[in-house]
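Remarks on the structure that follows.
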2 protein chains.
Amino acid sequence: MTAADQPPATAARQSVGRPVVTSHAAIEQSAFRLFAAHGFEGTTLEMIAAEVGVGRRTISRYFTSKNDIPWGQFDRTLTGFRQILDAMPPDLPVATAVRRGVLAFNQFPPDADPPHRQRMRLILETPALLAHSILRYEQWRAVIAEYVARRLGHSPGDLLPRTVGQVSLALALTAYESWLADDSADLNELLAATYDELTSFLELREHST
Amino acid sequence: MTAADQPPATAARQSVGRPVVTSHAAIEQSAFRLFAAHGFEGTTLEMIAAEVGVGRRTISRYFTSKNDIPWGQFDRTLTGFRQILDAMPPDLPVATAVRRGVLAFNQFPPDADPPHRQRMRLILETPALLAHSILRYEQWRAVIAEYVARRLGHSPGDLLPRTVGQVSLALALTAYESWLADDSADLNELLAATYDELTSFLELREHST
DNA sequence: GAGGATAATGGCACTCGTGGTCAAAAAGAT
DNA sequence: ATCTTTTTGACCACGAGTGCCATTATCCTC
């Protein structure tokens, strides 16, 4: 009931007890190979287990669900996102800081682009994964809400921080959609464009109710 | 391959052949009773079938998935949403029309409020249903995107219409969250407040990159 | 170096949702 | 009364998820 219940947690303390036979990364790689070949639905946990060379039960220990496999190290990237926002100059308007933060978060080295594209394509084009994604993005939104709340002296549960988190996600998802639809598109440009579209759209209105 | 494959489609042509033994509404009601008593996960299709008095297989014919049961007649409400938007005065700024449209769509007669609240609480507080919801909301976003596209002479697939659809959904979901958190809250006021929060937030920024 | 403690593994079994198939049932139509 | 039409429900199989537990492989202690 103490540490034995924890999942193997790749790269964690591992001195005593039977050594691990695989890793999150190894499973992820095998899984992606199979996903590419047979599609997400067409790939069973059994097939993944066979590809990795472990039991099906072991796969379920490393990933709490099949839907979680494509997400890889997402939790760790959230820490990076938090740092990005925290590093924003405090004199920058909050809205600008959030915008730049989201752009910076999605700035990848050019060589990491194809895998990232493949991963996002899988997630956004597989209904089961698309549905599952909002559960994962909840934490992403929370990062933004917490930052906005801190900057403005609100609580993260207040309407404004939550709104900004949710809207930021909406904009990012829209940009990603366009990005996946056009192989030559630049993600960062699309993110910026989406933000601009929203701003200009809202300026189309008078202050009526 | 013609009409026999179609689901029973409550209230459709039904003159020849074995008569239906239940309806979407009847199943929905029984299901909600059980959901309230045992929770969504704690209710199996078998239990619902027993409560309705039909076979488990029949439930699966009326609803393509367990996740779809709480949505009831959502498809039909989309038609209403389309009509609401189409009825907006053409001289109204698009952003204002969308805002008013979303508010009108969520304007329910006071007596329909408790069931609506119960339904939305179930959907938004059950992880599996929350995840499934974005698949359903895709059509809702499309209604907005199509309206915006028509008003501005764009294609519904363009960046701006999609952005507005996605952001509108984000605002609505945020408002619903707050609504469910406070029993005495008014949904329409919260929707308006969420829109205002976004507007004021964006005005907090200078036009920098 | 033998034995014990420790922790991951993997097999087994079970539940549940989903979906295919098909015979039976229940109505109208001839 | 028989035929046609359509729904029903039973049976089946598959896959994901999960609790349980013996097995295995390592480190630690004596």
Side-chain angles (χ1 to χ4, degrees), chain A residues 1-24 26-27 31 34-35 38-71 126-129 131-132 135, chain B residues 1-24 26-27 31 34-35 38-71 126-129 131-132 135:
Chain A
M1 191 57 87
T2 53
D5 289 323
Q6 298 301 328
T10 303
R13 220 66 195 80
Q14 175 71 27
S15 63
V16 71
R18 176 175 177 169
V20 299
V21 293
T22 184
S23 66
H24 289 86
I27 294 174
L34 293 171
F35 292 160
H38 311 102
F40 182 77
E41 317 275 3
T43 305
T44 69
L45 290 182
E46 201 106 37
M47 292 162 68
I48 301 175
E51 177 90 0
V52 181
V54 299
R56 179 178 67 102
R57 195 63 183 80
T58 298
I59 302 290
S60 285
R61 278 210 193 80
Y62 278 76
F63 293 92
T64 49
S65 85
K66 187 186 173 188
N67 287 340
D68 280 315
I69 298 181
W71 288 87
T126 305
L129 292 178
H132 184 71
L135 302 180
Chain B
M1 191 57 89
T2 55
D5 290 324
Q6 297 301 327
T10 303
R13 220 68 192 79
Q14 177 72 26
S15 65
V16 70
R18 177 174 175 168
V20 299
V21 292
T22 184
S23 65
H24 288 86
I27 295 175
L34 292 171
F35 292 160
H38 312 101
F40 182 78
E41 317 276 4
T43 305
T44 68
L45 290 183
E46 200 107 35
M47 293 163 67
I48 300 175
E51 178 91 359
V52 180
V54 298
R56 180 175 61 98
R57 194 63 182 79
T58 297
I59 302 289
S60 285
R61 277 211 193 79
Y62 278 76
F63 293 92
T64 49
S65 86
K66 186 185 175 188
N67 288 340
D68 279 317
I69 297 181
W71 288 87
T126 304
L129 292 178
H132 184 71
L135 302 180

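Just so we're on the same page: letters track the sequence lines, and every chain starts at 1.
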Between protein and nucleic acid, restricted to nucleotides 28-30 of chain D and to nitrogen or oxygen atoms under 3.5 Å apart, what atom pairs and distances do you find?
none

Report the distance from atom [atom1] of [X] to atom [atom2] of [N], rounded to the nearest whole Å.
| X | N | atom1 | atom2 | value |
| --- | --- | --- | --- | --- |
| A:Glu46 | D:dA13 | CD | C1' | 14 Å |
| A:Leu34 | D:dG15 | CG | P | 14 Å |
| A:Phe63 | D:dT18 | CZ | P | 15 Å |
| B:Leu45 | C:dG19 | CG | P | 11 Å |
| B:Ile69 | C:dG17 | CD1 | C1' | 11 Å |
| B:Ile27 | D:dT7 | CD1 | C1' | 13 Å |
| B:Arg56 | C:dG17 | CZ | P | 8 Å |
| A:His38 | D:dG15 | NE2 | P | 13 Å |

Quiz: residues 44-56 of chain B side-chain donor-acceptor pairs under 3.5 angstrom, not counting sequence neighbours:
residue, atom, partner, partner atom, Å
B:Thr44, OG1, B:Glu46, N, 3.4
B:Thr44, OG1, B:Met47, N, 3.1
B:Glu51, OE2, B:Arg33, NE, 3.0

Discussion item. Before you tell me yes or no, could you show the steps for A:Asn67 and A:Phe40 under side chain to side chain contact (heavy atoms under 4.5 Å, CB included), namely the whole-Å CA-CA distance, both residues' side-chain angles and the distance that decides it to 0.1 Å?
Written reply: CA-CA 9 Å; A:Asn67 287 340; A:Phe40 182 77; 3.5 Å; yes
Item to complete: Describe the nucleic acid contact of A:Thr44 in one word from base, sugar-phosphate, nothing, applying a heavy-atom distance below 4.0 Å.
Response: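 Here A:Thr44 touches the backbone only, sparing every base.
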Worksheet item: Hey, is the side chain of A:Tyr62 poking within less than 4.0 Å of OP1 or OP2 on C:dA8, counting only N and O atoms?
Response: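 Indeed not, no polar side-chain atom of A:Tyr62 lies that close.
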Item to complete: Would you tell me if any nitrogen or oxygen in the side chain of B:Thr58 comes within less than 4.0 Å of OP1 or OP2 on D:dT8?
Response: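 So the side-chain polar atoms of B:Thr58 never come under 4.0 Å of the phosphate oxygens OP1 or OP2 of D:dT8.
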Discussion item. Would you compute the distance between atom OG1 of A:Thr43 and atom CD of A:Glu41 and round it to the nearest 0.5 angstrom?
Written reply: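 Rounded to the nearest 0.5 Å, the OG1-CD separation comes to 9.0 Å.
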Worksheet item: What distance do B:Ile69 atom CD1 and B:Phe63 atom CZ have between them, rounded to the nearest 0.5 Å?
Response: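 Rounded to the nearest 0.5 Å, the CD1-CZ separation comes out at 6.0 Å.
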Practice prompt. Kindly determine whether A:Phe35 and A:Leu129 satisfy side chain to side chain contact (heavy atoms under 4.5 Å, CB included), including the steps that lead there.
Written response: CA-CA 12 Å; A:Phe35 292 160; A:Leu129 292 178; over 6 Å; no
Nucleotides 20-25 of chain D: which of its N/O atoms have a protein N/O under 3.5 Å away?
residue, atom, partner, partner atom, Å
D:dT24, O2, A:Arg18, NH1, 3.4

Which pair of heavy atoms, one from [X] and one from [Y], lies closest together, and at what distance?
| X | Y | value |
| --- | --- | --- |
| A:His132 | A:Trp71 | CD2-NE1, 3.9 Å |
| B:Pro127 | A:Leu135 | O-CD2, 3.9 Å |
| B:Val21 | B:Tyr62 | N-OH, 4.4 Å |

